[in-house]
Engineer: 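Here it is, the structure in full.
Letters A, B, ... are given to chains in the order of the sequence lines, protein chains preceding strands, and every chain is numbered from 1. Because only heavy atoms are used, hydrogens play no part in the values below, and waters and symmetry mates are left out as well, while side chains stay in.
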Protein chains: 2
Amino acid sequence: MTVNTLHRPTHRDALVHLEAAFERGDMVTIFGRCTVDYDGRATSELGPGDRLVVLKPDGSILVHTDEKRTPVNWQPPGCTHSASVRDGRLLVRSTRTSPDERLDVQFERVEQCSAYAVDDRSDLELVGSEEDLRQHILSDPDVLEAGFEPLETERQSDAGAIDIFGEDADGVAVVVELKRRRVGPSAASQLRRYVDALHREFGDDEPVRGVLVAPSVTERAADMLDREGLEFVALDPETGEPPVEEDDGESRDEGETADDDGDGNRDTDDGDGNRDDA
Amino acid sequence: MTVNTLHRPTHRDALVHLEAAFERGDMVTIFGRCTVDYDGRATSELGPGDRLVVLKPDGSILVHTDEKRTPVNWQPPGCTHSASVRDGRLLVRSTRTSPDERLDVQFERVEQCSAYAVDDRSDLELVGSEEDLRQHILSDPDVLEAGFEPLETERQSDAGAIDIFGEDADGVAVVVELKRRRVGPSAASQLRRYVDALHREFGDDEPVRGVLVAPSVTERAADMLDREGLEFVALDPETGEPPVEEDDGESRDEGETADDDGDGNRDTDDGDGNRDDA
DNA sequence: GTCTGGATATCGCAT
DNA sequence: ATGCGATGTCCAGAC
């Protein structure tokens with residue numbers, strides 16, 4: 001873990017520094033006044049301003065302003081870094097093919113340029129993903145519904161892989177689609193695609209249930225599930241249990257008969273909006 | 001555009017430096033050996049390793065290893081940064097409410113700590129978005145289909161906003177869904193939701209066409225469009241014209257020989273799969 | 001390579 | 001605030 005830093009270097013000095021860092025496989029940051037040009041899947045231009053540029057030895061590059069989590073420009077891993085001096089400017093270029101893309105950062109002034117030797121062997125351990133939710137259901141299928149029996153995960157269908165395929169207490173086929181967050185219409189559509197695929201596979205005589213599992217559901221999605229004859233079960237991905245309700249107060253006894261009362265499940269929510277297609 | 005940098009500072013010196021930088025509204029980078037704990041929408045732990053931490057004055061924080069474009073840990077804008085020294089470690093903490101989240105970065109050693117005064121007034125100009133594709137179609141509706149007449153953009157329906165609503169040469173209602181990239185099954189589902197919504201709105205007697213516009217389409221999505229009676233039109237978001245074809249092999253006679261260089265087509269598209277629900 | 005779908009997605013806009 | 005959808009999404013896994 002060493003750092004090699006130049007302050008207000010000449011472009012030539014920065015260039016030498018950069019090329020040595022690329023050679024060593026260091027991670028690099030450059031801070032200075034620059035413009036940015038991107039051409040690839042789309043095309044963008046960014047006028048002069050102060051930005052922090054990060055170059056990683058895996059070929060990724062990030063251009064960060066002082067706002068937002070998302071870089072204003074970037075390239076993903078696999079690109080080739082290069083640097084040069086032209087017309088009194090330091091040009092840092094990142095290119096790749098397939099797709100053909102080019103990112104140019106032109107510095108009129110470099111305030112600081114650092115090269116970092118990185119040693120990092122630790123892997124991130126993360127809890128609370130959709131995969132965790134799946135494990136909860138597989139280890140205790142009754143949380144989904146009494147008598148539910150998982151038969152296969154990632155079961156292939158014409159419409160793609162089904163998260164959990166199983167059958168209910170009556171032996172009816174059940175498609176289970178899992179989401180770690182509050183779900184919107186797109187999740188309902190996704191479930192519908194899978195149920196449709198199994199109908200095509202099994203024939204229309206065979207009943208197929210579709211169950212969407214998530215901590216909560218938006219009203220529009222709940223309406224759609226109703227119309228399409230699909231079901232919703234509220235489970236928290238971290239605990240594998242029904243989320244803590246807040247208001248509601250009508251925790252009736254249970255029984256969960258056919259629920260048609262209209263509303264069904266509350267909104268609870270995890271405090272975040274829902275994602276969607278795309 | 002000034003930079004203030006400490007090399008191998010004591011935790012106490014780093015702390016003073018950080019607090020002054022927060023006060024000034026500077027952007028900050030810290031490089032050193034650290035562990036990271038996150039608890040919020042999910043929960044994660046990251047063991048010791050060398051990382052580059054970026055703190056922005058808008059409240060976002062990024063923890064970058066030497067790989068990937070995506071930070072290994074982060075918080076979005078709106079969080080509150082704080083720093084302290086405990087048990088011989090420098091703790092950098094980012095918290096927010098709604099959702100309740102906390103990110104702790106504990107440095108056992110700080111190799112470098114820099115504060116940047118950023119001046120950036122330029123805005124990114126980007127070409128090739130879905131919005132550009134829409135403008136192409138609105139300014140020349142015939143590229144979609146001869147006689148097509150756009151009537152409304154962002155038209156509201158029970159299922160959400162329809163990109164372009166219009167009618168064809170026969171006066172039949174047309175729902176147009178735009179995508180800047182190659183489309184998969186989720187885009188077909190999205191279009192279907194909108195068409196269904198208009199059927200509910202107009203009644204089943206009224207015909208409603210659904211047209212998906214994108215540079216290309218996957219086979220599974222094309223099959224689904226077929227089954228659902230939906231249509232596809234290939235247009236490039238940058239040019240607003242049909243994408244250059246490559247192979248398809250059966251370039252019959254048709255003219256457009258022109259540049260025959262031979263190859264002709266690769267697969268169009270930008271080399272990435274499609275996005276999807278979720 | 002393409003296809004498919006998850007993500008602590010982030011972000012912007014409308015409600 | 002929540003809902004909803006775009007993104008140069010990125011990314012992993014499957015084929």
Side-chain angles (χ1 to χ4, degrees), chain A residues 38-44 60 67-77 98-99 101 103 124 126-131 133 154 156 159-161 163 177-187 190 193 216-221 237-238 267 269-278, chain B residues 38-44 60 68-78 98-99 101-103 124 126-131 133 154 156 159-161 163 177-187 190 193 216-221 237-238 266-267 269-278:
Chain A
Y38 158 71
D39 193 20
R41 289 162 292 176
T43 303
S44 77
S60 43
E67 292 182 329
K68 302 294 159 59
R69 202 216 70 149
T70 305
V72 64
N73 278 113
W74 70 88
Q75 290 279 37
S98 187
E101 294 202 296
L103 180 69
L124 185 75
L126 190 140
V127 177
S129 64
E130 180 183 303
E131 171 62 18
L133 177 56
E154 300 293 313
Q156 291 305 313
D163 283 340
E177 173 62 30
L178 308 174
K179 295 293 175 204
R180 67 173 305 279
R181 299 205 308 177
R182 184 173 174 81
V183 287
S186 71
Q190 193 183 344
R193 290 202 299 275
S216 63
V217 58
T218 68
E219 188 178 333
R220 196 174 272 173
E238 294 228 26
D267 224 55
D269 112 89
D270 50 20
D272 196 352
N274 89 314
R275 91 252 53 28
D276 198 272
D277 292 330
Chain B
Y38 159 70
D39 193 19
R41 289 161 293 176
T43 303
S44 76
S60 42
K68 301 293 158 63
R69 201 215 73 149
T70 304
V72 64
N73 279 112
W74 71 89
Q75 290 280 27
S98 186
E101 294 203 298
R102 176 184 53 78
L103 180 69
L124 185 75
L126 189 141
V127 177
S129 65
E130 179 182 304
E131 170 62 20
L133 176 56
E154 300 293 311
Q156 291 305 313
D163 283 340
E177 173 62 30
L178 308 175
K179 295 293 175 201
R180 67 173 303 282
R181 300 203 306 178
R182 184 171 175 84
V183 287
S186 72
Q190 191 183 347
R193 291 202 299 274
S216 62
V217 59
T218 67
E219 188 178 336
R220 195 173 271 176
E238 294 227 29
R266 50 222 14 99
D267 202 63
D269 120 80
D270 50 69
D272 196 350
N274 86 315
R275 92 251 48 31
D276 197 273
D277 295 332

Engineer: If I take atom CD in residue B/Q190 and atom P in nucleotide D/dC4, what distance separates them, rounded to the nearest angstrom?
Structural biologist: 12 Å
Engineer: Closest to the B/T70 side chain: D/dG3, C/dC11, D/dC10?
Structural biologist: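 That would be D/dC10.
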Engineer: Just how far, in rounded Å, is C1' of C/dT8 from CG of B/L103?
Structural biologist: 10 Å
Engineer: Considering heavy-atom distances to DNA chain C, does A/G128 or A/A161 have its closest nucleotide positioned more toward the 5' end?
Structural biologist: A/A161
Engineer: Which heavy atom of A/V183 sits nearest to which heavy atom of A/A221, and what is that distance?
Structural biologist: O-CB, 3.9 Å
Engineer: Nearest heavy atom decides the nucleotide; on that basis, is B/G160 or B/K68 closer to the 5' end of DNA chain D?
Structural biologist: B/G160
Engineer: Considering only C/dG6, C/dT4, C/dT8, which nucleotide approaches the side chain of B/P185 most closely?
Structural biologist: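 Closest nucleotide among those given: C/dT4.
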Engineer: Output the single nucleotide from D/dC4, C/dT8, C/dT2 whose closest atom is nearest the side chain of B/Y38.
Structural biologist: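 Nearest listed nucleotide: C/dT8.
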Engineer: To the nearest Å, how far apart are A/R181 CZ and C/dT8 C1'?
Structural biologist: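 My rounded result for the distance is 9 Å.
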Engineer: Which whole-number value in Å describes the distance from B/R220 CZ to C/dC3 P?
Structural biologist: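 That distance rounds to 11 Å.
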Engineer: Is any side-chain N or O of A/E101 under 3.5 Å from a base N or O of D/dG8, one able to act as donor and the other as acceptor?
Structural biologist: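 Side chain to base: pair present.
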Engineer: Restricting to non-hydrogen atoms, name the atom on A/G128 and the atom on A/P237 that form the minimum distance, rounded to 0.1 Å.
Structural biologist: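 Closest approach of A/G128 to A/P237: O-CB, 4.0 Å.
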Engineer: Does a donor on one side chain sit under 3.5 Å from an acceptor on the other, for A/Y38 and A/E101?
Structural biologist: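 A/Y38 vs A/E101: donor-acceptor pair found between side chains.
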Engineer: Between C/dT8 atom C1' and A/K179 atom NZ, what is the distance in whole Å?
Structural biologist: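 So the two atoms are 16 Å apart, to the nearest Å.
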Engineer: Reckon A/R41 has a side-chain N or O less than 4.0 Å from the OP1 or OP2 of D/dC10?
Structural biologist: yes
Engineer: Write down the distance separating the P atoms in D/dC4 and D/dG8, rounded off to the nearest Å.
Structural biologist: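 Here D/dC4 and D/dG8 have their P atoms 23 Å from each other.
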Engineer: Is the phosphate of D/dC4 approached by B/R193 (side-chain N or O, under 4.0 Å from OP1 or OP2)?
Structural biologist: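 No, B/R193 has no side-chain N/O under 4.0 Å of OP1/OP2 on D/dC4.
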Engineer: Write down the distance separating the P atoms in C/dT8 and C/dT4, rounded off to the nearest Å.
Structural biologist: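 Comparing P positions in C/dT8 and C/dT4 gives a spacing of 23 Å.
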Engineer: What integer distance in Å separates B/L124:CG from D/dG8:C1'?
Structural biologist: 10 Å
Engineer: Indicate, with a heavy-atom threshold strictly under 4.0 Å, whether A/S44 touches base, sugar-phosphate, or nothing.
Structural biologist: nothing
Engineer: Just to confirm, is there a sub-4.0 Å distance from OP1 or OP2 of C/dT4 to any side-chain nitrogen or oxygen of B/T218?
Structural biologist: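 So the side-chain polar atoms of B/T218 do come within 4.0 Å of the phosphate oxygens OP1 or OP2 of C/dT4, strictly under.
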Engineer: Please figure out whether A/R69 or B/Q75 has its closest DNA chain C nucleotide nearer the 5' end.
Structural biologist: B/Q75
Engineer: Is A/K179 close to A/Q190 at the side-chain level, that is, under 4.5 Å between some pair of heavy atoms?
Structural biologist: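 In contact.
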Engineer: Is the shortest side-chain heavy-atom distance between B/S44 and B/N73 below 4.5 Å?
Structural biologist: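 Touching, per the 4.5 Å side-chain cut-off.
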Engineer: Atom CH2 of B/W74 to atom C1' of D/dC10: distance rounded to whole Å?
Structural biologist: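 That distance rounds to 10 Å.
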Engineer: Nearest-Å distance, CG (A/D163) to P (D/dA14)?
Structural biologist: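 Rounding to the nearest Å, CG of A/D163 and P of D/dA14 are 14 Å apart.
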Engineer: For the pair A/R180 (side chain) and A/E238 (backbone), establish whether a donor and an acceptor sit closer than 3.5 Å, ignoring hydrogens and angles.
Structural biologist: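 No; zero donor-acceptor contacts below 3.5 Å.
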